[in-house]
Amino acid sequence: MSKIYENLENMLSGLRERIPFTPQIGLVLGSGLGGFAEKLKVAAEIPYQDIPGFPVSTVSGHAGKFVFGTLQGKDILCMQGRVHFYEGYSMQQVVTPVRLMAMMGIKTLILTNAAGGVNSSFEPGNLMCIRDHISCFVPSPLIGRNVLELGTRFPDMSCVYDPELCGALHRAAALRGLSLKDGIYIQLSGPGYETPAEIRMCASLGADAVGMSTAVEAMAARHAGLRVCGVSLITNMASGISKTPLSHTEVQETANRASRDFEGLMEEFLGLL
Ligand code: HPA
């Protein structure tokens, strides 16, 4: 058995008695969006640091725990906080939580993040349904000996973000009277924000939003056969488009301001699944 799979099995067996139910849906809450977990009727919480070998976030705004709870009749496993490549973790470590959630039984994964707006028609506070991604500026999380128990060597990536789930996201937005953009998310490594030249490159490649997470998690999830969708909260216009210097404080402030829209969208969406 591969070391990666052995580690995952060890994590899972260490957690068994703390897992209250088999979750149907996994939800990764990005920067400033962790408050959504408070809407759940919580059945159990497991701080990441209680899981030996599990990567723990070092970024402010990321709480760092699994929350098992129900909402809209669905059994949900929320991740309040994730880890990033820029924290020094390998991409294999970055996707460990997604793989563990798949082993805990989720069939659908909802990824969320705070992102910079590359599409100049976007505004801070906009929500974007991720239709596709560009991940090739960061290492693939699937590099290394393939773990057959997790998925196939050469997984198809022609339809990472499930069109039906995207349709449901748009229905949910309409029901709540919210505007929901569509776009392509590009993952870069961070932690520095991009230069204006890099953002022009992203735009010329067809990206609409830029961030430092999500695409590799989506790849690992597709490798594991999960249905995937993603929502970006545009917290700022990207470098060179924004008139002001970028800061994590601005990202968090916009996320706080727009979190009600985000939470409304998510709650309605979960009801449609
Ligand atoms: N760039 C990269 N990541 C981000 C940004 C950005 O402008 N905003 C929020 N996350």
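The model shown is predicted, which means the values in this text are computed figures rather than measured ones. We count ligands from 1, going down the list as the structure has it; atoms in each ligand are counted the same way. What's counted below: heavy atoms across the whole structure, side chains too, no hydrogens, waters or symmetry copies.
If you run side chain to side chain contact (heavy atoms under 4.5 Å, CB included) between I76 and each of L71, I110, I106, only L71 comes through. Put simply, the residue from L165, L175, L180 that forms a side chain to side chain contact (heavy atoms under 4.5 Å, CB included) with H170 is L180.
Checked by atom type, the side-chain pair Q80/K65 shows a donor-acceptor distance below 3.5 Å.
Between S140 and M219 there is a side-chain heavy-atom pair separated by less than 4.5 Å.
Around the CZ atom of R18, the shell of radius 6.0 Å holds more than 12 heavy atoms that belong to other residues, nucleotides or ligands.
A salt bridge between R171 and E268 is absent, with no side-chain N of the basic residue lying under 4.0 Å from a carboxylate O of the acidic one.
Under 4.0 Å from any atom of ligand 1, one finds heavy atoms of residues A114, A115, G116, Y193, E194, V210, G211, M212, T235, N236, L246, V251.
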